[in-house]
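Below: the structure, in structure tokens.
Proteins come first, then strands; the chains are lettered A, B, ... in the order of their sequence lines, and each starts at number 1. All values reported here derive from a predicted model rather than from experimental measurement.
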2 protein chains.
Amino acid sequence: MYLRCLNTLSAGGLRTVSSGSLAKRFHLNSAQIRKDLAYFGEFGVRGVGYDVHALRDHLTKILGLDRKHNVGIIGSGRLGTALAHYYGFDGANFEIGALFDSDPNKIGKTIGDVKVFDIKDFSSIAKRDNIEVAVIAVPAADAQNVLDLVVDAGIRAVMNFAPVPLKVIDDVKLKTVDLTTSLESLAYYLASDANGKNPKPNSTRHRKRI
Amino acid sequence: MYLRCLNTLSAGGLRTVSSGSLAKRFHLNSAQIRKDLAYFGEFGVRGVGYDVHALRDHLTKILGLDRKHNVGIIGSGRLGTALAHYYGFDGANFEIGALFDSDPNKIGKTIGDVKVFDIKDFSSIAKRDNIEVAVIAVPAADAQNVLDLVVDAGIRAVMNFAPVPLKVIDDVKLKTVDLTTSLESLAYYLASDANGKNPKPNSTRHRKRI
DNA sequence: TGATGTGAAGCGGTTCACAGCC
DNA sequence: GGCTGTGAACCGCTTCACATCA
């Protein structure tokens with residue numbers, strides 16, 4: 001997020017920022033900014049602030065965005081293909097190397113520039129194309145199997161869009177984006193809003209013990 | 001998430017669960033479960049546990065999922081249409097009432113069962129079709145304008161997929177899902193992994209003051 | 001002077017541990 | 001005996017406040 005802020009500032013021609021001005025500009029807290037940045041090193045100059053370009057370069061390197069990552073998407077349904085396009089465009093940091101599916105009607109097709117492979121060939125294709133990140137965009141019922149498969153193939157970083165909690169070994173990073181509960185949380189807001197506005201649980205309750 | 005767990009258990013024919021068994025089954029903490037549920041009322045029976053069906057009904061009501069919500073999606077690009085299908089299928093809780101776009105080539109088309117309207121007509125269509133939730137799936141540069149527009153039209157709950165921090169008035173609920181930073185966080189994991197495995201920042205640093 | 005880097009305090013959410021109840 | 005509901009302890013992250021330094 002800081003990286004995105006810095007890119008905005010850089011595009012505006014700014015050479016230097018203080019944590020205070022950064023905070024004001026992007027509705028953040030200046031102490032938080034300093035703590036976050038100091039965690040990785042001493043990038044600032046007292047009395048001056050941070051050099052926009054130098055800081056951006058530092059963060060880019062820290063985040064591992066100074067080189068391209070190949071991504072494989074499992075599930076070439078609507079969500080999978082939409083993600084393929086989304087991440088394909090995006091920055092130059094990620095490249096969608098391959099799509100995978102188990103549906104014979106889809107295998108062999110090309111979506112955008114990306115070929116759809118048989119999920120059975122995941123391991124060999126992943127090795128051949130140096131795929132480091134897997135994106136799971138399959139039905140919930142298949143997600144755990146797919147996860148196990150990509151982990152077995154040596155993948156260490158997985159993004160999961162299936163709305164199920166998945167189990168994974170410790171040294172694999174799993175990031176789940178749950179589009180269903182995200183939307184449901186909005187329904188909760190509307191519901192609690194319709195009633196008593198405030199969180200409102202438990203106005204009159206409980207024989208309290210003294 | 002609890003609701004999903006309960007549905008699974010219910011499908012398995014279970015009538016009653018304790019926080020302990022629920023925790024074990026879904027890799028959660030039992031005290032957390034009890035605290036969460038107790039926040040909304042006393043749903044359990046000591047010595048027994050929770051009634052699966054009754055608890056599910058309670059949670060469904062609390063989350064506002066006991067009635068259908070109409071959703072409008074702004075942006076009929078690939079992500080917007082993918083989301084329209086995703087949420088259209090899903091449960092019976094949400095219904096995609098309309099898509100909106102500013103591109104004349106898209107306005108008037110029908111995607112799935114959903115018509116694409118001119119974004120200029122958002123307010124009137126939203127009122128006519130009783131749309132309560134807006135999903136923003138437009139380019140980052142347009143997101144704030146779209147947000148302001150839907151809020152002006154009386155929408156109180158917004159889900160944003162554009163990778164920008166947006167400003168919104170207090171009594172509107174804004175939920176941002178940032179697909180870009182989600183993926184970038186995986187790159188960071190791979191990068192820190194490649195180096196020293198551990199979070200590893202600052203091994204040798206700082207003249208400490210005494 | 002002005003801004004960083006950072007101990008210390010504060011705060012919200014999580015976990016422990018147990019009294020209370022079935 | 002078994003499990004809930006909950007005060008108390010705990011823990012990590014956020015914010016404050018200030019010593020430090022260009």
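C:dG20 atom P lies 14 Å from atom CD of B:E42, rounded to whole Å. Spacing between atom OH of A:Y50 and atom P of C:dG2 amounts to 18 Å, rounded to whole angstrom units. Going from atom CD1 of A:I33 over to atom P of C:dT6 covers 16 Å, rounded to whole Å. Between B:R46 atom CZ and D:dG5 atom P there is a gap of 6 Å when expressed in whole angstrom units. Rounded to a whole Å, the CZ atom of A:F43 is 14 Å from the P atom of C:dT4. Distance CG (A:D51) to C1' (D:dA22): 15 Å, rounded to an integer number of Å. Distance, A:Y39 OH to D:dG12 P: 12 Å, rounded to whole Å.
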Show me the donor-acceptor pairs, under 3.5 Å and distance only, between side chains in residues 3-14 of chain A and residues at least two apart or in other chains.
{"unit_1": "A:R4", "atom_1": "NE", "unit_2": "B:P163", "atom_2": "O", "d": "3.3"}
{"unit_1": "A:R4", "atom_1": "NH1", "unit_2": "B:D178", "atom_2": "OD2", "d": "3.4"}
{"unit_1": "A:R4", "atom_1": "NH2", "unit_2": "B:D178", "atom_2": "OD2", "d": "2.4"}
{"unit_1": "A:N7", "atom_1": "OD1", "unit_2": "A:R56", "atom_2": "NH1", "d": "2.9"}
{"unit_1": "A:N7", "atom_1": "ND2", "unit_2": "A:L3", "atom_2": "O", "d": "3.3"}
{"unit_1": "A:T8", "atom_1": "OG1", "unit_2": "A:R4", "atom_2": "O", "d": "3.0"}

Summary of protein contacts for nucleotides 10-17 of chain C, nucleotide by nucleotide, where a base hit scores B, a sugar-phosphate-only hit scores S (4.0 Å, heavy atoms): ----SBBB

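Under the rule for a salt bridge (Lys or Arg N to Asp or Glu O under 4.0 Å), the partners of A:R67 that lie at least two apart in sequence or sit in another chain are A:E132. Not a single salt bridge (Lys or Arg N to Asp or Glu O under 4.0 Å) links B:D101 to another residue, sequence neighbours left out. A:F117 pairs by the ring-ring contact (aromatic ring centres under 6.0 Å, His included) definition with A:F100, not counting sequence neighbours. Residues satisfying the side chain to side chain contact (heavy atoms under 4.5 Å, CB included) test with B:S21, not counting sequence neighbours, are B:V17, B:S18.
A pairwise comparison of heavy atoms in A:Y86 and B:T180 identifies OH-OG1, 3.6 Å as the closest pair.
The stretch residues 55-79 of chain B participates, sequence neighbours left out, in these ring pair (Phe, Tyr, Trp, His ring centres under 6.0 Å) pairs: B:F43-B:H58, B:H69-B:F94. Applying the ring pair (Phe, Tyr, Trp, His ring centres under 6.0 Å) test to pairs two or more places apart or on separate chains, none has a residue in residues 1-35 of chain B.
Less than 4.0 Å separates DNA chain C from at least one heavy atom of each of the following residues of residues 14-25 of chain A: A:S18, A:S19.
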